[in-house]
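See structure below.
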Amino acid sequence: MIFDQPILINKKLGETPLDALNKFRDKHQELTDLPITYAGRLDPMASGALLLLAGPLVHQKHKFLKLNKVYQASFLLGFKTDSLDLLGIPQKDQTVSVKSQEEVESAILKITGKHNLPFPVFSARRVKGQPLWQWAKNNLLHKIKIPTQQMEYQKLENQKISSISTPELLTYLQSTIALIKGDFRQEQILDLWQQLLKQNQPQNFQIINITCTVSSGTYIRSLANLLANELQTSVV
C-alpha cells in the first residue's frame with residue numbers, strides 16, 4: 001500500500017489526537033509496523049478533521065503543519081477559565097451585559113487579522129523542556145516567561161448569536177466533560193461549574209458562533225481573550 005496522500009479521519013469530541021490515531025491503528029492492523037503521525041492538533045473539547053501522515057509522508061509533516069484551518073467555533077459570554085475553554089477552572093463575570101448583533105459584528109471586524117499573542121497556558125508548547133500545561137498544572141507559571149506567537153484570524157464570518165439556559169449549560173458540561181479521557185482535572189472542573197451555576201438564579205447566557213479561517217499555529221481559544229477585550233466582558 002502506497003501512502004502518497006494524507007489520511008483524513010474524524011477526531012471525536014473528548015478524544016486527543018493521539019487517541020484518534022491509536023483508534024485508526026487498531027482498525028488497520030496491517031499498518032502496525034508503519035510510522036504514522038498527525039499533522040496539527042485539536043483540543044479534547046474540539047471535534048473535526050485530523051490529517052494522518054503515514055510512511056514516507058511523516059518526513060513532510062512540516063509542510064502540512066503550515067496549512068490554514070477552518071473552525072466552527074462557539075464562545076460563551078459571561079465566564080472565563082484558566083484554560084480559555086470550558087475545560088478549565090471557571091469564574092463568572094458578575095457585570096456581564098447583553099450584547100447586540102451590531103456590537104458583536106464590530107468586535108469581530110476589529111480583531112480580524114494578525115496578532116502577537118501568548119500561547120494558552122494549557123497547551124503543548126514546550127518551555128525549558130516541559131509543555132506549558134505542565135507548568136500551569138503545577139502552579140509554576142511564575143517561574144517562566146510565557147512565549148508568544150503571531151496568530152492570524154484571516155476570516156471571521158457567519159457570526160450568529162444564540163442563547164443557552166443554565167440547565168442546558170449544565171447538561172452540556174456534564175455530558176461533554178464525561179467524554180474527556182486522561183487527566184484534565186475533569187472532576188474538579190465539573191464540580192466548580194456546578195457550584196458556580198447553582199449559586200446564580202437560572203438565566204440565559206449568550207453564545208457567539210463564528211466560522212473562523214486561521215493560519216497555522218493559531219489558537220481558537222486565544223480568540224476568546226480578543227473577543228472579551230473588545231466586548232468588555234468575559235468570554236470562554
Side-chain angles (χ1 to χ4, degrees), residues 10-16 19-20 42-50 69-108 111 120-123 153 156-212 214 219-236:
N10 180 51
K11 188 197 84 65
K12 296 180 179 179
L13 184 66
E15 291 180 335
T16 65
D19 291 334
L42 284 172
D43 294 331
M45 294 293 283
S47 62
L50 182 68
K69 302 173 179 66
V70 180
Y71 297 93
Q72 298 290 336
S74 297
F75 299 91
L76 177 66
L77 272 61
F79 298 91
K80 62 181 179 180
T81 71
D82 56 355
S83 63
L84 304 180
D85 63 8
L86 295 179
L87 195 61
I89 303 297
Q91 289 181 287
K92 189 175 186 302
D93 187 342
Q94 301 298 332
T95 61
V96 65
S97 59
V98 174
K99 303 302 176 183
S100 68
Q101 184 72 33
E102 291 74 19
E103 288 176 299
V104 170
E105 289 177 356
S106 176
I108 288 174
I111 62 181
V121 296
F122 280 91
S123 69
Y153 302 96
L156 301 174
E157 53 192 350
N158 301 327
Q159 57 267 20
K160 295 180 182 178
I161 300 176
S162 58
S163 65
I164 188 170
S165 67
T166 299
E168 289 172 333
L169 177 57
L170 188 54
T171 298
Y172 177 80
L173 288 164
Q174 290 169 333
S175 60
T176 303
I177 292 178
L179 297 174
I180 308 296
K181 300 176 182 178
D183 182 12
F184 287 90
R185 308 176 296 170
Q186 296 96 309
E187 186 175 338
Q188 177 191 10
I189 287 166
L190 183 55
D191 181 61
L192 289 171
W193 271 110
Q194 290 172 331
Q195 291 181 38
L196 191 63
L197 291 172
K198 289 177 180 178
Q199 287 173 1
N200 297 273
Q201 294 295 325
Q203 57 184 294
N204 290 332
F205 303 104
Q206 285 186 301
I207 295 175
I208 300 175
N209 307 281
I210 314 174
T211 301
C212 309
V214 303
Y219 284 79
I220 295 300
R221 283 184 287 156
S222 297
L223 186 55
N225 270 345
L226 294 176
L227 272 173
N229 290 336
E230 288 298 331
L231 292 173
Q232 297 183 341
T233 187
S234 298
V235 177
V236 68

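Position 1 is the first residue of the sequence; numbering continues from there. Note: hydrogens, waters and symmetry copies are ignored here, and every other heavy atom, side chains too, is used.
Defined by atom type and a distance below 3.5 Å, a donor-acceptor pair is present between the side-chain atoms of Q72 and T211. A side-chain donor-acceptor contact under 3.5 Å links E105 and Q101. No side-chain donor-acceptor contact under 3.5 Å links N10 and S47. Side-chain contact, K160 with S162: no donor N or O sits under 3.5 Å from an acceptor N or O. In summary, the side chains of E168 and S165 do present a donor paired with an acceptor at a separation below 3.5 Å, with no hydrogens or angles considered.
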- Task: Evaluate the side-chain contact (heavy atoms from CB on, under 4.5 Å) criterion for residues I177 and Y172: first the C-alpha distance (whole Å), next the side-chain angles of each, then the deciding distance (0.1 Å), finally the verdict.
- Result: CA-CA 8 Å; I177 292 178; Y172 177 80; over 6 Å; no
- Stepwise side chain to side chain donor-acceptor pair (under 3.5 Å) test for D19 and T16: CA-CA 5 Å; D19 291 334; T16 65; 3.1 Å; yes
- Message: For a side-chain contact (heavy atoms from CB on, under 4.5 Å) check, start with the C-alpha distance between I89 and I189, then their side-chain angles and the critical distance, and finish with the verdict.
- Response: CA-CA 6 Å; I89 303 297; I189 287 166; 4.0 Å; yes
- When you look at M45 and T176, which way does the side-chain contact (heavy atoms from CB on, under 4.5 Å) test go after all the steps? CA-CA 8 Å; M45 294 293 283; T176 303; 3.7 Å; yes
- Intermediate values then yes/no, side-chain contact (heavy atoms from CB on, under 4.5 Å), L231 and I208: CA-CA 11 Å; L231 292 173; I208 300 175; 3.7 Å; yes
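The two atoms that bring F79 and L169 nearest to each other are CE1-CD2, 4.3 Å, heavy atoms only. In this structure, A224 and V236 approach most closely via the heavy-atom pair CB-CA, 4.3 Å. Nearest approach of L76 to F205, heavy atoms of both residues: CD1-CB, 3.8 Å. Across A20 and L50, no two heavy atoms sit closer than the pair CB-CD2, 4.1 Å. The minimum heavy-atom distance linking E230 with A107 is given by the pair CB-CB, 3.7 Å. The heavy-atom pair separating S163 from N204 by the smallest distance is CB-CB, 4.4 Å.
Atom CD in Q159 sits 9.0 Å away from atom CD1 in I161 (nearest 0.5 Å). Separating the OG atom in S97 from the CG atom in L77 is a distance of 9.0 Å, to the nearest 0.5 Å. Atom CD1 of I210 sits about 10.0 Å away from atom CG of N158, to the nearest 0.5 Å. Expressed to the nearest 0.5 Å, how far CG of N225 lies from CD1 of I111 amounts to 10.5 Å. How far OG of S222 is from CG of L227: 11.5 Å, rounded to the nearest 0.5 Å. In this structure, F184 CZ and L87 CG are separated by 7.0 Å, a value rounded to the nearest 0.5 Å.
A side-chain donor-acceptor contact under 3.5 Å links T171 to the backbone of P167. Remark: side-chain polar atoms of Q194 are not paired, donor with acceptor, to backbone N or O of L170 under 3.5 angstrom. Judged by distance alone, with hydrogens and angles left aside, the side-chain atoms of K181 form no donor-acceptor pair with the main-chain N or O of P44 at under 3.5 Å. Checked by atom type and distance alone, the side chain of T81 never pairs as donor or acceptor with a backbone atom of L86 at under 3.5 Å. Looking only at distances, a side-chain donor or acceptor of S123 sits under 3.5 Å from a matching main-chain atom of P120.
Counting only heavy atoms from C-beta outward, the side chains of L190 and Q174 approach each other to under 4.5 Å. A heavy-atom distance below 4.5 Å is found between the side chains of Y153 and L226. L197 is listed as a side-chain neighbour of L173, based on a closest heavy-atom distance under 4.5 Å. Looking only at side-chain heavy atoms (C-beta outward), K80 and V235 stay at 4.5 Å or farther from each other.
Under the side-chain contact (heavy atoms from CB on, under 4.5 Å) rule, F75 has a single partner from V104, I220, D85, which is I220.
Remark: R185 qualifies as a cation-pi partner of F122 under the 6.0 Å distance and 45° angle criteria applied to the six-membered ring.
For K12, the NZ atom is loosely surrounded, since the number of other residues' heavy atoms within 6.0 Å does not exceed 12. Heavy atoms of other residues, nucleotides or ligands lying less than 6.0 angstrom from CD of E187 number 12 at most.
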